[in-house]
2 protein chains.
Amino acid sequence: MAPSKKPRITYSDIAKEAGVSKATVSRVLNDDPNVDDDRRKRVVETVEKMGYKRNRAASALASGKTGMIAIVIDDDLSILSDPFYATVASGISRVLMRNDLQPLLLVAEMNSVDGPVAHYLQGGEVDGAIFFQLHESSLIRKLEKIGLPFVIVGTPHTNSDFLYVDCDNFGGGLQAARHFFESGRKVIGTITGDIVATAGKQRLDGFMQGYREHGKVASKKLVAQGDYSLDSGRIAMRHLLADNPGLDAVFAANDLMAVGAIAAAEEAGKVVPDDIAIIGFDDSLVAQTSRPPLSSIKQDVVNLGETAANLLIGKLKDEQMESVILPVELISRQSA
Amino acid sequence: MAPSKKPRITYSDIAKEAGVSKATVSRVLNDDPNVDDDRRKRVVETVEKMGYKRNRAASALASGKTGMIAIVIDDDLSILSDPFYATVASGISRVLMRNDLQPLLLVAEMNSVDGPVAHYLQGGEVDGAIFFQLHESSLIRKLEKIGLPFVIVGTPHTNSDFLYVDCDNFGGGLQAARHFFESGRKVIGTITGDIVATAGKQRLDGFMQGYREHGKVASKKLVAQGDYSLDSGRIAMRHLLADNPGLDAVFAANDLMAVGAIAAAEEAGKVVPDDIAIIGFDDSLVAQTSRPPLSSIKQDVVNLGETAANLLIGKLKDEQMESVILPVELISRQSA
DNA sequence: CTGAAAGCGCTTACAG
DNA sequence: CTGAAAGCGCTTACAG
């Protein structure tokens with residue numbers, strides 16, 4: 001079909017050219033230390049000169065390693081509107097490719113242990129996997145049993161010893177609360193995300209810790225639940241306003257809810273940030289387009305992906321890896 | 001390393017179990033019509049029963065087809081803030097996997113014909129490629145020479161016969177202009193994107209066509225150039241306002257600029273949409289969070305990905321494929 | 001329609 | 001440190 005005329009260059013060709021055996025070529029290309037320096041050099045040069053590219057399929061068949069890493073993203077609607085995934089994936093892709101590994105993009109429903117994704121991952125087609133925000137842990141447990149190395153982007157629900165990377169959700173909530181206290185705000189509320197999931201819970205916990213640092217405790221009335229949507233932020237803000245007369249600051253667990261909160265505040269005749277200061281989380285595009293521009297907790301999303309890839313690569317080499325928490329930073333704009 | 005105890009099931013196993021040869025098993029699995037129905041059925045059942053999964057590496061080595069499709073995304077900053085790419089990629093991934101093809105995610109710089117991406121694509125590691133918004137056409141031309149099938153998401157600059165899929169940029173501009181005229185607006189301006197690139201040019205052309213349909217021509221003063229950024233929209237709006245006293249409607253080539261335009265309009269004491277109506281393009285998250293909520297031209301982004309994948313699959317089968325333009329739709333909110 | 005056999009291009013004990 | 005050789009699990013002319 002494809003008129004790829006060029007006859008493929010193989011080990012035989014470069015072995016002949018370099019005056020060594022195919023085994024030696026293989027050793028050099030696989031970084032086997034047991035090769036004479038001169039011969040190694042000759043092989044490397046020949047490979048370079050002839051523009052040789054190893055055939056992955058052959059390599060995979062012989063070695064049992066495919067060199068492929070699955071990036072598994074749950075196929076619900078969240079991916080459709082959140083640039084987060086693309087950004088993390090780009091970080092992963094870059095690191096993986098630099099290490100001669102191939103990132104396979106799996107967007108599919110992960111609702112069952114026997115679904116297509118599960119099948120796929122067990123089929124030996126990949127050497128490892130990186131999961132995005134994992135909800136279904138039975139799948140994971142199964143993979144662990146099989147011995148497939150994996151890393152999770154986000155903090156897993158169960159406090160097992162899965163390897164993961166996440167941003168400092170707790171620290172983000174804490175920084176927001178501190179900023180409010182330090183700038184003299186008195187009645188500080190929060191709009192949570194889904195607090196059954198770890199990220200939402202930790203952001204709330206960090207916020208609460210900020211209260212504690214100042215010798216106070218947030219009353220229940222100061223905590224309104226949202227679901228990360230614009231409308232939920234608006235509605236939660238209305239409740240907060242109604243329940244707390246002196247309300248002068250609100251930390252929302254994401255930017256979308258924060259923008260909803262600003263709208264609700266202004267509808268109630270309040271001026272942001274004069275009457276009420278607001279901080280969001282994500283430092284997304286909507287934080288920049290918001291009026292007033294939204295102060296927000298920023299995480300290094302590309303780094304999240306790069307770190308995930310590096311953790312997995314370490315694990316593939318049987319190195320002892322530790323989960324990592326990436327720092328966050330408060331980006332000050334005009335809303336707080 | 002991985003304690004994958006299960007001995008692999010191979011063709012031999014299922015050939016023995018089904019009482020046929022390995023060749024027959026292969027034929028059945030590759031949909032070769034030349035197999036007796038009874039034997040085919042027996043093989044299919046055995047495969048099912050034994051939970052057999054074909055070894056891709058072996059298959060690739062023997063057939064010369066890898067079953068992998070590269071999704072190539074240029075590694076500039078745009079991917080970092082635009083959910084567009086993730087959404088298209090998810091559409092691609094879904095269709096590809098359903099067809100037993102594997103989506104390989106390549107995020108890298110594509111600036112040269114000899115860059116890593118070029119090398120990679122020529123190395124025979126993939127059966128085809130899908131490009132996102134292609135700038136560098138010399139690479140493409142090279143791929144065509146090699147015979148690697150590919151599809152472009154977005155309209156290529158050069159009006160060659162590359163296979164592509166794009167949304168109806170022209171129609172979007174046209175719909176916006178029509179909407180303004182039909183709702184009685186008189187002095188209608190536009191903020192363009194990068195008009196060197198096709199998308200920006202076509203959106204402008206469509207807008208101009210709307211003027212022509214109403215027997216008019218937009219004066220140069222009614223066209224302000226932007227670069228798709230928030231600030232450029234704000235600045236362009238100021239120019240538009242200064243140059244056109246009666247300005248009462250503006251079509252911006254993306255939502256970000258439209259939001260900037262709203263801000264500039266309000267800063268100038270105008271009320272949106274009463275004094276000035278504004279329409280954006282993309283129907284992104286910022287259109288929803290905007291105040292007032294932004295009317296915007298919406299494209300079906302998932303479909304864009306699915307269509308790209310289907311075009312490529314057709315091409316892989318040597319079918320005659322045609323580039324496709326997907327319809328767009330004006331989503332009415334409050335800004336127009 | 002079917003099967004025996006060669007071959008795809010690597011990797012890896014094994015023996016030296 | 002090195003090479004000859006077997007083998008990874010498929011596919012595909014070839015002969016029937």
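Naming convention: chains lettered A, B, ... in sequence-line order (proteins, then strands); numbering from 1 in each chain.
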Q: Expressed in angstrom and rounded to an integer, what is the separation of A:Asp38 atom CG from D:dC1 atom C1'?
A: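 About 12 Å, once rounded to whole Å.
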
Q: Which comes earlier along DNA chain C counting from the 5' end, the contact point of A:Ala57 or that of B:Ser21, where each point is its nearest nucleotide?
A: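 Result: B:Ser21.
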
Q: So if I take every side-chain heavy atom of B:Tyr11 and compare against D:dG7, D:dG3, D:dT11, which nucleotide ends up nearest?
A: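 Side chain of B:Tyr11 sits closest to D:dT11.
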
Q: Taking atom types as they are modelled, would you say the side chain of B:Arg27 forms a donor-acceptor pair with the base of C:dG3 within the 3.5 Å cutoff?
A: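 When only heavy-atom distances are counted, B:Arg27 does reach the base of C:dG3 through a donor-acceptor pair under 3.5 Å.
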
Q: Quickly work out the A:Leu29 CG to C:dT12 P distance and round it to whole Å.
A: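 Result: 13 Å.
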
Q: Under 4.0 Å between a side-chain N/O of B:Ser63 and OP1 or OP2 of D:dC10, yes or no?
A: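 Checking D:dC10 against B:Ser63, no side-chain N or O comes under 4.0 Å of OP1 or OP2.
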
Q: Relative to the 5' end of DNA chain D, which residue comes earlier, A:Asn34 or A:Lys22, by the nucleotide with the nearest heavy atom?
A: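 Nearer the 5' end of the strand: A:Asn34.
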
Q: Need the pair for C:dC14. Rule: Watson-Crick or G-U wobble, both distances under 3.5 Å, any strand; none if unpaired.
A: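 Pairing partner: D:dG3.
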
Q: Could you state the CG-C1' distance from A:Asp32 to D:dG3, rounded to the nearest angstrom?
A: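 So the CG-C1' distance, A:Asp32 to D:dG3, works out to 13 Å.
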
Q: Where the side chain of B:Thr46 meets the backbone of B:Ile14, is there a donor-acceptor pair that is under 3.5 Å apart?
A: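 Checked: no pair found.
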
Q: Do B:Tyr164 and B:Phe131 make the cut of ring centroids closer than 6.0 angstrom?
A: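 Between B:Tyr164 and B:Phe131, the centre distance exceeds or equals 6.0 Å.
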
Q: Any side-chain N or O of B:Tyr52 less than 4.0 Å from the OP1 or OP2 oxygen of D:dG9?
A: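 False: B:Tyr52 side-chain N/O out of range (4.0 Å or more) of D:dG9 OP1/OP2.
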
Q: Between B:Ala23 and B:Ala58, which residue's closest nucleotide on DNA chain D lies nearer the 5′ terminus?
A: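 Per heavy-atom nearest nucleotide, the more 5' residue is B:Ala58.
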
Q: Side chains of A:Phe84 and A:Val301, heavy atoms from C-beta outward: is any pair under 4.5 Å?
A: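 Sidechains of A:Val301 and A:Phe84: in contact.
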
Q: So, the side chain of A:Asp36 versus the backbone of A:Asp38: is there a donor-acceptor pair under 3.5 Å, distance only?
A: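 Yes, A:Asp36 side chain to A:Asp38 backbone: donor-acceptor pair under 3.5 Å.
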
Q: With a non-hydrogen cut-off below 4.0 angstrom, is A:Asn55 in contact with a base, only sugar-phosphate, or nothing?
A: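 A:Asn55: backbone/sugar contact only, no base atoms under 4.0 Å.
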
Q: Taking the C1' atom in each of D:dG16 and D:dT12, what is the distance between them to the nearest angstrom?
A: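 Pairwise C1' distance, D:dG16 against D:dT12, rounds to 16 Å.
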
Q: Indicate, with a heavy-atom threshold strictly under 4.0 Å, whether A:Ser26 touches base, sugar-phosphate, or nothing.
A: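 Here A:Ser26 touches the bases of the nucleic acid.
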
Q: Tell me: CZ of A:Arg54 to P of D:dC8, nearest whole Å?
A: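 So the two atoms are 20 Å apart, to the nearest Å.
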
Q: Closest approach of A:Leu104 and B:Leu104, non-hydrogen atoms and distance?
A: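 Reported closest heavy-atom pair: CD1-CD1, 3.6 Å.
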
Q: Taking atom P of D:dC1 as reference, at what distance in whole Å does atom CG of A:Asp37 sit?
A: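 These atoms are roughly 9 Å apart.
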
Q: Please check the phosphate of C:dC10 (OP1 and OP2 only) for any side-chain N or O of A:Ser59 closer than 4.0 Å.
A: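 False: A:Ser59 side-chain N/O out of range (4.0 Å or more) of C:dC10 OP1/OP2.
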
Q: Between B:Asp127 and B:Lys315, is there a side-chain N and carboxylate O pair less than 4.0 Å apart?
A: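 The answer is no: the pair does not qualify as a salt bridge.
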
Q: Please state how far atom CG in B:Leu61 lies from atom P in C:dA6, giving the value in whole angstrom units.
A: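 In whole Å, C:dA6 P lies 17 Å from B:Leu61 CG.
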
Q: Are B:Arg56 and D:dG9 close enough that a side-chain N or O sits under 4.0 Å from OP1 or OP2?
A: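 Checking B:Arg56 against D:dG9: no side-chain N or O falls below 4.0 Å of OP1 or OP2.
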
Q: Within this structure, what is the CD1-to-C1' distance between B:Ile9 and D:dC8, rounded to whole angstrom?
A: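 From B:Ile9 CD1 to D:dC8 C1': 17 Å.
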
Q: Roughly how many Å is it from NZ in A:Lys53 to P in C:dG9, rounded to a whole number?
A: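 Going from A:Lys53 (NZ) to C:dG9 (P), I get 16 Å.
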
